[in-house]
Amino acid sequence: MKLWKACAAASMCVIAVTGCGTSGRQLKFGEQATVTAVRGGTIGVTVVGIEAGGNSDLSELSNPSKYAGETPYYLHYRLTKTDLVESTTDFVVTDGKNELTHLTVMGSLDATADPDHPLSYHQFSKCVQADSAEFRKLAKGGSVEGCSIYLPEHGAGAPTAVEWGARDGKEPEATWNR
């Protein structure tokens, strides 16, 4: 009888430990995780990779001198539709210790000399977010690819890990490592 009680107690400890303090799935670039979406539901997310850009890439921005000496890093990702209709991302990019700064670049409308098309839309050519309208049209299982820009400000180094959902003191649901 004592052996049975010891086994039962050990089983309960195992169950209690497995439910506590996890930091989510550990993945390599290229692997997909199904995670909780920002507005509820789930979404398939794949971190395809991160590439370093050049400071000259940032010359397209409206105030390039603000980014003098900065190296942009481009996070390439794929979103796969599961039970969700929105494509808002929740990435946190780190160098292992420090979080890199997410740089949001808005497109601009530029004047043209064409009277039939007086304006043209200009996006940051090196890195374009996933198209949310295209994502909404996808059937379940369909994917869109996108890119986000990160800068290693405030002492951060080159990125080594990408987390999903690690905000407001929460542990990440998934972490991709090089």
Side-chain angles (χ1 to χ4, degrees), residues 13-58 60-61 67-106 123-132 134-135 138 140-178:
C13 287
V14 169
I15 291 169
V17 169
T18 58
C20 298
T22 64
S23 61
R25 285 187 58 193
Q26 297 295 314
L27 304 139
K28 293 186 188 285
F29 288 177
E31 295 180 323
Q32 180 177 310
T34 300
V35 295
T36 304
V38 174
R39 295 187 183 125
T42 60
I43 188 170
V45 177
T46 305
V47 171
V48 177
I50 297 177
E51 69 172 309
N55 182 258
S56 62
D57 296 350
L58 302 175
E60 285 186 47
L61 303 180
Y67 306 102
E70 297 282 350
T71 299
Y73 289 91
Y74 304 123
L75 167 64
H76 298 278
Y77 60 88
R78 181 179 313 112
L79 303 176
T80 302
K81 196 166 198 177
T82 54
D83 64 354
L84 190 65
V85 295
E86 58 96 10
S87 62
T88 304
T89 59
D90 194 17
F91 293 115
V92 174
V93 176
T94 73
D95 67 358
K97 294 179 189 176
N98 303 299
E99 186 174 331
L100 278 70
T101 302
H102 180 228
L103 178 63
T104 302
V105 178
M106 305 297 287
Q123 296 186 60
F124 183 68
S125 62
K126 298 286 183 179
C127 187
V128 178
Q129 290 279 91
D131 186 331
S132 58
E134 182 182 333
F135 185 81
L138 291 173
K140 186 175 180 177
S143 297
V144 294
E145 297 210 0
C147 180
S148 294
I149 309 165
Y150 291 86
L151 298 174
E153 297 178 316
H154 312 295
T160 59
V162 179
E163 301 170 338
W164 181 274
R167 301 248 184 242
D168 304 322
K170 295 179 187 174
E171 291 291 321
E173 281 188 65
T175 302
W176 290 265
N177 293 290
R178 289 180 174 222

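Being a predicted model, the structure only gives us computed values, none of them experimental. Note that these values count all heavy atoms, side chains included, but never hydrogens, waters or copies made by symmetry.
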Rounded at 0.5 Å granularity, tell me how far [atom1] in [X] sits from [atom2] in [Y].
X      : Y      : atom1 : atom2 : value
Gln26  : Asn177 : CD    : CG    : 6.0 Å
Glu173 : Arg25  : CD    : CZ    : 11.0 Å
Glu70  : Leu151 : CD    : CG    : 5.0 Å
Ile149 : Tyr73  : CD1   : OH    : 14.0 Å
Ser148 : Leu103 : OG    : CG    : 10.0 Å
Leu79  : Glu145 : CG    : CD    : 9.0 Å

Checklist entry - With under 30° as parallel and over 60° as perpendicular, where do the rings of Phe91 and Tyr77 fit, or are they tilted in between? => result tilted
For His102 and Tyr150, take the angle between the two ring planes, folded into 0 to 90°, and tell me which bin it lands in: parallel under 30, tilted 30 to 60, perpendicular over 60. tilted
Quick one: does NZ or CZ of Lys126 land under 6.0 Å from the six-membered ring centre of Tyr74, within 45 degrees of the ring axis?
no
Given Glu99 and Thr94, is the side chain to side chain donor-acceptor pair (under 3.5 Å) satisfied, shown in steps? CA-CA 4 Å; Glu99 186 174 331; Thr94 73; over 6 Å; no
The salt bridge (Lys or Arg N to Asp or Glu O under 4.0 Å) partners of Glu134 (sequence neighbours excluded) come to none
Could you go step by step and tell me if Thr82 and Thr42 meet the side chain to side chain donor-acceptor pair (under 3.5 Å) rule?
CA-CA 6 Å; Thr82 54; Thr42 60; 3.0 Å; yes
With sequence neighbours excluded, what pairs up with Thr160 under the side-chain hydrogen bond (donor to acceptor under 3.5 Å, both in side chains) test?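 side-chain hydrogen bond (donor to acceptor under 3.5 Å, both in side chains) list for Thr160, sorted by chain: empty.
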